[in-house]
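As structure tokens, the structure follows; a few thoughts come after it.
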Amino acid sequence: MTATAPSVDEPDQLEPQLAPASRRARLLRLWPAATAALAGVLLYVSFPPRTLWWLALPAFGLFAWVLRGRSWKAGLGLGYLFGLGFLLPLLVWTGVEVGSGPWLALVAVEAVFVALVGAGIAAVSKLPGWPLWAAAVWIAGEAARARVPFRGFPWGKIAFGQADGVFLPLAALGGTPVLGFGVVLCGFGLYEVVRQVIERRRTGAVASVPRAAAVVAALSVAVPVVGALAARTLVSDKAEDGTATVALIQGNVPRAGLDFNAQRRAVLDYHARETLRLAAEVKAGKVARPDFVLWPENSSDVDPFANPDAAAVIENAAKTIGAPISVGGVVGRDGKLYNEQILWDPAKGPTDTYDKRQVQPFGEYLPLRSVLAHINKNWTTMVHQDFSRGTKPGVFTMDGARVGLATCYEAAFDWAVRDTVTHGAQMISVPSNNATFDRSEMTYQQLAMSRIRAVEHSRTVTVPVTSGVSAIIMPDGKITQKTGMFVADSLVQKVPLRSSQTPATKLGILPEMLLVLVAVGGLGWAIGAGVRGRRAGGV
């Protein structure tokens with residue numbers, strides 16, 4: 001029998017049949033990467049100024065779908081894509097003044113932490129009860145991001161997207177780590193429930209899913225929800241130590257036409273003018289007389305200790321309103337520069353100060369200054385002198401009330417807010433300057449942090465801002481008054497003073513460390529199981 005040689009045309013005839021299958025295969029390979037990035041974007045959309053907090057659950061459900069059962073190397077890449085999808089839009093405000101280079105560099109570095117978390121979640125996803133281990137790995141990643149490099153950058157903690165959510169009371173139970181853990185655990189648990197339902201329908205047998213796995217999936221969803229409902233008893237607006245009438249001043253900033261030194265003086269004058277306007281309304285009986293007044297960060301970038309004219313402006317404002325003022329100043333002392341809150345008494349003048357302790361890298365001080373000078377000299381001139389860090393918690397006694405101070409960027413750091421309460425603060429103030437970031441989402445993201453802090457420590461939180469949004473937040477996290485952006489305005493309200501401490505305040509770092517240990521235990525188990533599996537297979 002003679003074999004017929006294949007026609008040279010046959011490969012061309014087969015190619016159209018193979019090409020669609022090849023394209024489908026390539027698309028299938030891209031689906032996990034595309035889904036990971038999309039899940040990250042979904043997580044971003046759950047953050048303020050939007051109130052779509054619940055989108056965090058499907059975001060983590062999708063993340064679990066692409067990671068479960070994969071190798072740690074695949075998890076590393078998929079985690080990085082998830083981090084980019086989340087952080088690129090979330091942190092776009094960091095490039096408002098300095099351009100896209102620093103923004104992209106920051107995101108590229110921060111996404112590495114999410115990549116490592118992705119690798120860890122992929123590793124523990126093969127363990128029994130994997131949602132627990134995976135959620136703990138996420139919180140371990142947040143703990144690392146909050147500490148390194150350059151003393152950390154906790155922006156984007158899952159807790160900070162939950163100010164309007166049902167899980168919010170968990171903040172009073174164990175702070176931002178427990179709140180974030182509850183959200184992530186519930187998201188992973190929802191995915192596992194859906195996966196098990198699909199598996200049962202596919203096989204047509206209940207026994208296809210072990211009973212223990214079904215129980216773990218159900219508990220992963222139920223425990224965070226039930227825990228949040230139970231923790232509502234920890235949230236209270238009761239005035240345990242009486243009340244105080246507080247005034248917040250938002251002076252606004254000049255938009256254009258002034259050089260740097262003139263603008264600094266203009267900002268001071270704007271805040272003094274708004275204080276005088278408020279004093280006139282008080283005198284006319286239109287507004288209650290405040291017990292004390294809070295100005296924002298950088299409300300006096302002209303050092304009042306070195307410039308008598310600036311001191312005179314502040315003193316006149318304090319005497320006219322007839323109440324002590326907390327003034328945000330830039331102060332030089334012993335050759336060092338400080339971002340300082342100054343307690344200015346109408347009769348005694350400056351009586352107390354608080355120096356910001358968590359100063360912002362690349363904004364208030366410049367790490368790697370010599371390296372950056374070779375890349376872009378403009379960056380080094382923008383921060384011509386580094387700010388020095390304070391060493392003591394800030395708690396001002398203002399007309400008998402103990403007011404804790406966490407200046408702007410410090411609101412993102414658990415320890416910087418907590419230790420004002422452990423040092424006796426009956427309410428908290430977060431003086432901020434968001435004018436540099438224009439109308440970006442930054443001010444709303446930071447405002448959400450303050451709402452979380454209010455519930456975490458069961459304290460009224462005030463947020464006086466140079467250009468908005470300034471706000472008064474009750475201990476239950478609800479905003480009772482707020483201003484618009486880039487307007488001169490003031491807020492006056494009687495607020496409760498409280499001295500009791502929530503479990504979150506008492507426990508401090510312990511819940512976070514416990515979750516980190518859970519993550520380490522899960523990773524150790526996964527690594528050990530992998531090594532034993534390779535040995536058994538003779539690899």
Side-chain angles (χ1 to χ4, degrees), residues 43 56-57 59-60 63-64 67 75 79 82-83 86 110 113-125 127-148 152-162 165 167-192 216-217 219-228 230-231 234 412-415 417-418 449 452-453 455-457 502-527:
L43 182 59
L57 302 181
F60 279 104
F63 195 37
L67 289 179
F82 181 81
F86 173 44
E110 293 298 311
F113 289 91
V114 186
L116 294 171
V117 166
I121 291 175
V124 301
S125 70
L127 299 178
W130 72 266
L132 170 69
W133 310 110
V137 169
W138 180 273
I139 298 305
E142 286 192 344
R145 272 208 312 128
R147 291 166 173 81
V148 293
F153 186 73
W155 220 277
K157 272 190 169 187
I158 300 306
F160 296 150
Q162 297 295 310
F167 299 101
L168 178 60
L170 290 174
L173 186 63
T176 60
V178 169
L179 173 53
F181 175 76
V183 174
V184 179
L185 178 62
C186 191
F188 287 160
L190 281 171
Y191 160 75
E192 183 62 11
V216 168
L219 289 176
S220 297
V221 176
V223 169
V225 175
V226 173
L234 301 173
F413 293 83
D414 296 347
W415 64 268
V417 182
R418 175 180 177 264
M449 294 178 192
I452 301 300
R453 300 307 182 191
V455 175
E456 182 179 14
H457 301 293
T502 64
T505 307
K506 294 175 182 177
L507 293 171
I509 198 175
L510 291 179
E512 183 179 51
M513 291 299 98
L514 177 60
L515 290 171
V516 169
L517 289 175
V518 171
V520 171
L523 290 170
W525 185 4
I527 292 170

>> So that I know where these two stand, are W138 and F60 an aromatic pair - ring centroids less than 6.0 Å apart?
In response: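 Ring centroids of W138 and F60 are less than 6.0 Å from each other.
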State, with a plain yes or no, whether a side-chain heavy atom of [X] is found less than 4.5 Å away from one of [Y].
| X | Y | result |
| --- | --- | --- |
| V117 | F82 | no |
| P511 | F181 | no |
| L170 | L173 | yes |
| V516 | I139 | no |
| F188 | W130 | yes |
| V225 | F167 | yes |

> Would F160 and R453 satisfy side chain to side chain contact (heavy atoms under 4.5 Å, CB included), going step by step from the backbone distance to the final call?
Replying inline: CA-CA 10 Å; F160 296 150; R453 300 307 182 191; 3.6 Å; yes
> Parallel under 30°, tilted from 30 to 60°, perpendicular over 60°: which one fits the rings of W525 and W133?
Replying inline: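 Rings of W525 and W133: perpendicular, as their planes differ by over 60°.
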To check you understand the geometry: which heavy-atom pair defines the closest contact between [X] and [Y], and what is its length?
| X | Y | value |
| --- | --- | --- |
| A504 | G175 | CB-N, 3.3 Å |
| T176 | K157 | OG1-NZ, 2.9 Å |
| L127 | G522 | CD1-O, 3.4 Å |
| S220 | G189 | CB-CA, 3.6 Å |
| A519 | A140 | CB-CB, 3.9 Å |
| P154 | A146 | CB-CB, 3.9 Å |

> Of all residues at least two apart in sequence or in a different chain, which pass the salt bridge (Lys or Arg N to Asp or Glu O under 4.0 Å) check with E142?
Replying inline: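 Listed in chain order: nothing, the list is empty.
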Enter the distance from [X]:[atom1] to [Y]:[atom2] here, rounded to the nearest 0.5 Å.
| X | Y | atom1 | atom2 | value |
| --- | --- | --- | --- | --- |
| L185 | L190 | CG | CG | 9.5 Å |
| L168 | I452 | CG | CD1 | 5.0 Å |
| D414 | I509 | CG | CD1 | 8.5 Å |

> What residues form a side chain to side chain donor-acceptor pair (under 3.5 Å) with Q162, not counting sequence neighbours?
Replying inline: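 Q162 satisfies side chain to side chain donor-acceptor pair (under 3.5 Å) with no residue once adjacent residues are dropped.
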> Taking NZ, NE, NH1 and NH2 as the nitrogens, is one of them in E512 or R418 under 4.0 Å from a carboxylate oxygen of the other?
Replying inline: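 The answer is no: the pair does not qualify as a salt bridge.
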> What's the verdict on side chain to side chain contact (heavy atoms under 4.5 Å, CB included) for F63 and L43, showing C-alpha distance, side-chain angles and the deciding distance?
Replying inline: CA-CA 10 Å; F63 195 37; L43 182 59; over 6 Å; no
> Hey, does the side chain of R145 reach the backbone of V114 with a donor-acceptor pair shorter than 3.5 angstrom?
Replying inline: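 Not confirmed, R145 side chain does not pair with V114 backbone.
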